[in-house]
Structure formats: structure tokens, C-alpha cells
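For clarity, every value in this text was computed on a predicted model and none was experimentally measured.
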Amino acid sequence: MIFNSKEIKGLTVIELLVVLTLISLVLLIVIPKIKINDYELLEQGKMLCNDIRNIRMLRMAEGGAYRILLEEKSYRVLKGTIQINKVDLKDNYKLIYSQSEIMFNLNGAPTYGGTTIRLLDLETNRYCEITIVPASGRILMTDIKD
């Protein structure tokens, strides 16, 4: 079978540019809807939540004086007076809390009763909450709220 060069067709440069432009426009519409700030907020919230759970478990297992000291832009994990870890929050985040110190008894209940910690994104005014239940010491984290 012999092919005639007039039968073989391809895309022209203009057609390629039109297709790429349309794909770019669709991406420009979709990408802003993916809220990267929400993922970062949840990441910071989960890190604090896991640190609280860890000091609770360490207190119950080892009996050491583990605690977390909350500040507006950071928090510190301590064993007695020795600082184990310090976590600085991102620039646009802020901690809102009623108790600046979180400690647990040997049975896992919070020493100073339950509390709620709010991690606020100052740019979007969205936040997630970490709640420590008073009697059981259970630590709960809620997703992002407006």
C-alpha cells in the first residue's frame, strides 16, 4: 500500500498553542480552589495534637513530669525543667488557649482539667481545635472551621 503525503495529517503549531492555552485556563481556575493553607493548618494542628498525646502516654508509662507550655507563636515540650522540643508555628498562625500548661496525671487525666486549644490562621480566620476531655484525658482534634 502506498501512502500519499497529502493524506497524512498532523497538528499545526497554532492548534497546539490553542490546546495548551485551554489546558492552562482550566488549571488556573482549578488550582486556587485547592486550599494549601488548610493543609498546613491541619499539619500544624496534628503535630500539636500528637505532642500532647505523646506526653500523656509518656507520663502514664514512665511517670516523668512531662508537660507542654503553650505560647502565642510556639509551644515547648518539657520533661521537668529540661526542654525536649520547641515548635515554632508558621508566621500567620496563632495559638488561643485558656491554660498555658498542659500536664497529665499518672492515670492519663489532665492535671488542671480539660481545655480547648485553638490554632488560628490569621490570614483566612480559619482554625482547628484540640480538645482535652477533663475526666478521661482523651485528646480530640476537629477539622478546619470558618
Side-chain angles (χ1 to χ4, degrees), residues 1-62 64 66-79 82-105 108-146:
M1 178 179 233
I2 300 175
F3 290 102
N4 188 356
S5 64
K6 292 181 182 178
E7 293 177 11
I8 300 174
K9 297 196 178 206
L11 295 175
T12 64
V13 175
I14 294 175
E15 291 172 332
L16 282 173
L17 287 175
V18 169
V19 170
L20 289 175
T21 304
L22 290 173
I23 291 172
S24 299
L25 287 174
V26 169
L27 288 175
L28 285 173
I29 293 170
V30 172
I31 287 178
K33 294 186 187 264
I34 301 172
K35 296 181 180 179
I36 295 173
N37 288 344
D38 290 352
Y39 295 115
E40 292 174 349
L41 181 63
L42 284 176
E43 176 189 0
Q44 292 274 296
K46 286 178 183 178
M47 190 174 1
L48 175 57
C49 190
N50 287 335
D51 284 340
I52 295 171
R53 286 181 179 140
N54 285 338
I55 66 157
R56 179 175 181 252
M57 295 306 291
L58 287 169
R59 174 70 171 149
M60 289 172 23
E62 295 179 7
Y66 291 95
R67 60 195 171 125
I68 290 182
L69 292 178
L70 300 172
E71 299 166 5
E72 191 172 288
K73 292 289 191 176
S74 66
Y75 65 90
R76 295 181 291 149
V77 180
L78 303 168
K79 180 180 181 182
I82 300 168
Q83 181 172 306
I84 298 172
N85 191 13
K86 180 176 182 188
V87 177
D88 293 319
L89 300 176
K90 296 189 177 186
D91 291 337
N92 57 325
Y93 294 152
K94 175 182 175 182
L95 285 174
I96 301 171
Y97 49 87
S98 58
Q99 298 174 1
S100 63
E101 183 177 43
I102 299 170
M103 283 182 61
F104 293 93
N105 297 325
T111 303
Y112 304 115
T115 188
T116 298
I117 304 161
R118 185 176 287 181
L119 179 61
L120 175 66
D121 183 348
L122 298 172
E123 288 179 1
T124 62
N125 283 334
R126 298 180 71 130
Y127 63 91
C128 64
E129 288 182 341
I130 299 169
T131 303
I132 303 172
V133 179
S136 65
R138 190 170 169 207
I139 297 130
L140 307 169
M141 183 176 152
T142 59
D143 283 342
I144 296 172
K145 297 180 180 180
D146 289 320

Donor-acceptor pair, side chain of Arg53 and main chain of Ile139, under 3.5 angstrom: yes

Check against side-chain contact (heavy atoms from CB on, under 4.5 Å), Asp51 and Ile55: CA-CA 6 Å; Asp51 284 340; Ile55 66 157; 5.8 Å; no

Nearest atoms (heavy-atom pairs only) where Pro134 meets Ala109: O-CB, 4.2 Å

Lys73 side chain to Asp91 backbone, donor-acceptor under 3.5 Å: yes

Separation between CD of Glu43 and SG of Cys128, rounded to the nearest 0.5 Å: 11.5 Å

Side chain Arg56, main chain Gly108, donor-acceptor under 3.5 Å: yes

Note, Leu78 side chain near Gln83 side chain (heavy atom, < 4.5 Å): yes

Side chain Tyr93, main chain Leu41, donor-acceptor under 3.5 Å: yes

Worked check of side-chain contact (heavy atoms from CB on, under 4.5 Å) between Tyr66 and Asn54: CA-CA 9 Å; Tyr66 291 95; Asn54 285 338; over 6 Å; no

Separation of Arg118 CZ from Lys94 NZ (nearest 0.5 Å): 11.0 Å

With Ile117, the side chain to side chain contact (heavy atoms under 4.5 Å, CB included) member among Ile96, Thr131, Ile102: Ile102

Sidechain-backbone polar pair: Lys86 side chain, Val77 backbone, donor-acceptor under 3.5 Å: no

Met57 CE: over 12 foreign heavy atoms closer than 6.0 Å: no

Short side-chain to backbone donor-acceptor contact, Gln99 and Thr115, under 3.5 Å: no

Ile52 and Phe104: CA distance, side-chain angles, deciding distance, side-chain contact (heavy atoms from CB on, under 4.5 Å) verdict: CA-CA 10 Å; Ile52 295 171; Phe104 293 93; 3.8 Å; yes

Spacing of Arg138 atom CZ and Ile132 atom CD1 [to the nearest 0.5 Å]: 13.0 Å

Crowding at CG, Leu20 (>12 non-hydrogen neighbours, <6.0 Å): yes

Donor-acceptor contact present, side-chain Arg59 to main-chain Gly64, <3.5 Å: yes

Distance-minimising heavy-atom pair for Pro110 and Gly137: CD-CA, 3.5 Å

Arg67 to Glu101 - nearest heavy-atom pair and separation: NH1-OE2, 2.7 Å

Residue Leu25 excluded, over 12 heavy atoms near CG under 6.0 Å: yes

Polar side-chain atom of Tyr97 near backbone of Leu70 as donor-acceptor pair, under 3.5 Å: yes

Interatomic distance, Leu89 atom CG to Asp121 atom CG [nearest 0.5 angstrom]: 11.0 Å

From OH (Tyr112) to CG (Asn105), nearest 0.5 Å: 9.5 Å

Reported CG-to-CE distance for the pair Leu42 and Met141, which is rounded to 0.5 angstrom: 5.0 Å

Leu119 side chain reached by Ile130 side chain, heavy atoms, under 4.5 Å: no

